[in-house]
Chemist: 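The structure follows.
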Amino acid sequence: MTVQNLPSDRLISPKKKKARKIKKPKPTGFEEEYFADAPLTPQEFQENAEEIYAKFVDLLSIRVHIADSTPRHIPFSGRIQACIQRFGTKRRLHGDHMKYFKEYMFLGGVDVSSASFSTSEDALLKTNYIDGSVNDRFYNGQDYWKVDFTGVASTFLAVSLPRLAGDDLSQRDLAIGVVENFLRYVIREMACPEYEDDIKNALLACSAARMEWPMVSRFLESLPGMFNLAAAELFDQRDENDVSFLTFERPIAFDPKTTFYSSLILSGVNAFLATAVSEDLRVVERVYRSIEIVRIERASFEQVQTAARFVRGTQTPTRQAAALGTIFAKTVVIEDGWYDPSQGPLTEDLLAIVCDDDLLQFLKEGMKLRVRLCLLSSGIYFIKSVLELYPTFYVFLPQHLVKLVNLPRPIKQTEDSEATIAAADSDE
């Protein structure tokens, strides 16, 4: 039986399948490439200025007051709490966004550890985040708390971020975006106009973090550098723990003496050459210092080109000399919450440290380092090992140490314990 032989009432036309509609994910508020908050309406501006963020200051040359012309003043703690609450209703904070936001708020003395920004707006706006009556880790209205948007952002970006995101630059970029998003929202809401300059400085720290963290990673990966390696092997006993050799590869047929002296001659380090030809050249001091870079003198283009042509071998020619520059640094104390008596005394004289120009391209004035240096008899330092490299925006707040503190728990009094205490008091 074929289809043509079927009765007409039994012929059924095939059903058309409806194309499924693909639901677009709701924006989270962190889509930096295209997301933007809508401009404030006149009604929203009036509500912000007169009710939510009322502050006895001029905004846009307009004296803020409520409808009955009675001035209203809401303290900073109340205004910033309202801003955090409204920020939670406007952004979809979850996963990594929430993890970074909680840490950032903690450094500012604000407890959002129990917050669930996926709840209803009414429930969220009733949540009290700024209340230190239960936990002394957070803001409690005491005078020793200081409003410092730049310090909190810098501590989060320089201290907390490496611990939370590791070496994953994409995660670091995401965390920086969370801080930037919140700071821009505070400015948009005009929650605390008296601190607007401080907030803008915090945004500058975020911009610096985007640029400098990749530089820090590249510098540490490129250690020790050809000249530093040659100097360490020629004049000092190199320790395997000095450098990690992440991306730097020891050149084929590497000759430390050839590399050391040829690098100095090609780079024209004149202050060194008079002593360099002497047989008495040696390490006279080994020091551990915390330093801050004051000035960097890079090698010239001609010196870089000359060093690149100094090769050895025919089949696989390898470079045997490095273009050199100089780091001028001062000794400093790097605050990190720990006492380190071995970092040496502070001096006013600048240290002149000869270093590979390949490494200097990843450094900036204002960066800080913990280094082990060797001083040669000619008066020039070279780097034996780098323990830490800190970006220019590095700040350490004591609040960061509070995470390590275990607060005492209240002891519940029972009848037996009360009787024991009373007996002890009677014996006295």
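Scope of the values below: all heavy atoms of this structure, side chains included, with no hydrogens, waters or symmetry mates.
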Chemist: Ala230 and Pro256: which non-hydrogen atoms are nearest, and at how many Å?
Modeler: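 In this case the closest contact between Ala230 and Pro256 is CB-O, 3.5 Å.
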Chemist: Restricting to non-hydrogen atoms, name the atom on Ile176 and the atom on Cys206 that form the minimum distance, rounded to 0.1 Å.
Modeler: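 Residues Ile176 and Cys206, closest heavy atoms: CG2-O, 3.7 Å.
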Chemist: Ignoring hydrogens and angles, write down the donor-acceptor pairs under 3.5 Å from the side chains of residues 159-168, residues two or more places apart or on other chains.
Modeler:
unit_1 : atom_1 : unit_2 : atom_2 : d
Ser160 : OG     : Glu103 : OE2    : 3.1
Arg163 : NH2    : Glu103 : OE2    : 3.1
Asp168 : OD1    : Ser170 : N      : 3.0
Asp168 : OD1    : Ser170 : OG     : 2.5
Asp168 : OD1    : Gln171 : N      : 3.4

Chemist: Evaluate whether atom NZ of Lys99 has more than 12 neighbouring non-hydrogen atoms of other residues, nucleotides or ligands under 6.0 angstrom away.
Modeler: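 Above 12, so yes.
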Chemist: Grab the two heavy atoms, one from Ser262 and one from Thr259, that are nearest each other, plus how far apart they are.
Modeler: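 Distance-wise, the nearest heavy atoms are OG-O, 3.3 Å.
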Chemist: Indicate yes or no for a side-chain donor-acceptor contact from Asn228 to the backbone of Pro224 under 3.5 Å, with no hydrogens or angles considered.
Modeler: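 Between the backbone of Pro224 and the side chain of Asn228 there is a qualifying donor-acceptor contact (under 3.5 Å).
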Chemist: Can a salt bridge be assigned to the pair Arg295 and Glu365 using a cut-off of 4.0 Å between side-chain N and carboxylate O?
Modeler: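 Between Glu365 and Arg295 there is no salt bridge, as every charged N stays at least 4.0 Å from the carboxylate O atoms.
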Chemist: In chain order, what residues pass the salt bridge (Lys or Arg N to Asp or Glu O under 4.0 Å) check against Asp197, with sequence neighbours excluded?
Modeler: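 Testing Asp197 for salt bridge (Lys or Arg N to Asp or Glu O under 4.0 Å), a comparison that skips the adjacent residues, returns none.
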Chemist: Which pair of non-hydrogen atoms, one from Phe382 and one from Ala232, has the smallest distance, and what is that distance?
Modeler: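 The pair with the smallest heavy-atom distance is CE1-N, 3.8 Å.
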Chemist: Tell me, please, which residues at least two apart from Ile187 pass side chain to side chain contact (heavy atoms under 4.5 Å, CB included).
Modeler: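 Once residues adjacent in sequence are excluded, the partners of Ile187 under the side chain to side chain contact (heavy atoms under 4.5 Å, CB included) criterion are Glu196, Ile199, Lys200, Leu203.
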Chemist: Quick one: ring-ring contact (aromatic ring centres under 6.0 Å, His included) partners of Tyr390, sequence neighbours excluded?
Modeler: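 Applying ring-ring contact (aromatic ring centres under 6.0 Å, His included) to Tyr390 gives Tyr394.
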Chemist: Can you list the steps and then say if Arg91 with Asn181 is a side chain to side chain contact (heavy atoms under 4.5 Å, CB included)?
Modeler: CA-CA 10 Å; Arg91 301 291 186 267; Asn181 201 302; 2.8 Å; yes
Chemist: For Phe156 and Val178, what are the C-alpha separation, side-chain angles and deciding distance, and is it a side chain to side chain contact (heavy atoms under 4.5 Å, CB included)?
Modeler: CA-CA 11 Å; Phe156 173 79; Val178 171; over 6 Å; no
Chemist: Distance check, rounded to the nearest 0.5 Å: Leu223 atom CG versus Arg218 atom CZ?
Modeler: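 With rounding to 0.5 Å, CG (Leu223) is 12.0 Å from CZ (Arg218).
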Chemist: Test Glu189 against Arg79 for salt bridge (Lys or Arg N to Asp or Glu O under 4.0 Å), laying out the working first.
Modeler: CA-CA 10 Å; Glu189 292 285 291; Arg79 285 180 281 131; over 6 Å; no
Chemist: Would you check if the side chain of Asp356 reaches a backbone N or O of Leu359 as a donor-acceptor pair within less than 3.5 Å?
Modeler: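 Judged by distance alone, no pair lies under 3.5 Å.
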Chemist: Phe396: what forms a ring-ring contact (aromatic ring centres under 6.0 Å, His included) with it, not counting sequence neighbours?
Modeler: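 In terms of ring-ring contact (aromatic ring centres under 6.0 Å, His included), with neighbours along the sequence ignored, Phe396 is linked to His400.
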Chemist: Does any N or O in the side chain of Thr150 come within less than 3.5 Å of the main-chain N or O of Asp198, such that one atom is a donor and the other an acceptor?
Modeler: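 Flag set: sc Thr150 to bb Asp198 pair under 3.5 Å.
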Chemist: Keeping the roles fixed (side chain from Asp357, backbone from Ala323), state whether a donor-acceptor pair exists under 3.5 Å.
Modeler: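 Checked: no pair found.
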Chemist: How far does CG of Asp111 sit from NZ of Lys102, to the nearest 0.5 angstrom?
Modeler: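 Reported to 0.5 Å precision, the distance equals 9.5 Å.
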Chemist: Using a strict 4.0 Å threshold on nitrogen-to-oxygen distance, state whether Glu180 and Arg210 make a salt bridge.
Modeler: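 Judged by the 4.0 Å cut-off on N to carboxylate O distance, Glu180 and Arg210 do form a salt bridge.
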Chemist: In terms of side-chain heavy atoms, does Arg289 have a donor or acceptor partner in Thr331 at a distance below 3.5 Å?
Modeler: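 Not at all, the side chains of Arg289 and Thr331 share no donor-acceptor pair under 3.5 Å.
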Chemist: Run the numbers on Leu281 and Tyr261 for side chain to side chain contact (heavy atoms under 4.5 Å, CB included), then give the verdict.
Modeler: CA-CA 12 Å; Leu281 185 62; Tyr261 288 105; 3.8 Å; yes
Chemist: May I ask you to say whether Arg370 pairs ionically with Asp336, meaning some side-chain N is under 4.0 Å from a carboxylate O?
Modeler: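 Asp336 and Arg370: salt-bridged.
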Chemist: Looking at residues at least two apart in the chain, or sitting in another chain, which of them share a ring-ring contact (aromatic ring centres under 6.0 Å, His included) with Phe227?
Modeler: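 By the ring-ring contact (aromatic ring centres under 6.0 Å, His included) rule, Phe227 matches Phe260.
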Chemist: Does any N or O in the side chain of Trp213 come within less than 3.5 Å of the main-chain N or O of Asp173, such that one atom is a donor and the other an acceptor?
Modeler: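 Between the backbone of Asp173 and the side chain of Trp213 there is no qualifying donor-acceptor contact (under 3.5 Å).
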Chemist: On the 0 to 90° scale, with breaks at 30° and 60°, tag the Phe76-Tyr195 ring pair as parallel, tilted or perpendicular.
Modeler: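 Ring orientation, 0 to 90° scale: perpendicular.
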Chemist: Mind listing the closest non-hydrogen atom pair of Tyr381 and Glu285 along with its distance?
Modeler: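 Result for this residue pair: OH-OE1, 4.2 Å.
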Chemist: Identify the two heavy atoms, one from Val395 and one from Ala158, that lie closest to each other, and give their separation to 0.1 Å.
Modeler: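 Taking every non-hydrogen atom into account, N-CB, 4.4 Å.
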Chemist: If you measure from CG on Leu387 to CG on Leu369, what distance do you get to the nearest 0.5 Å?
Modeler: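 Output value for this atom pair is 10.0 Å.
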Chemist: Against Thr392, only a single residue in Glu292, Lys368, Glu212, Lys364 fulfils side chain to side chain donor-acceptor pair (under 3.5 Å); can you say which?
Modeler: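 Single side chain to side chain donor-acceptor pair (under 3.5 Å) partner of Thr392 among Glu292, Lys368, Glu212, Lys364: Glu212.
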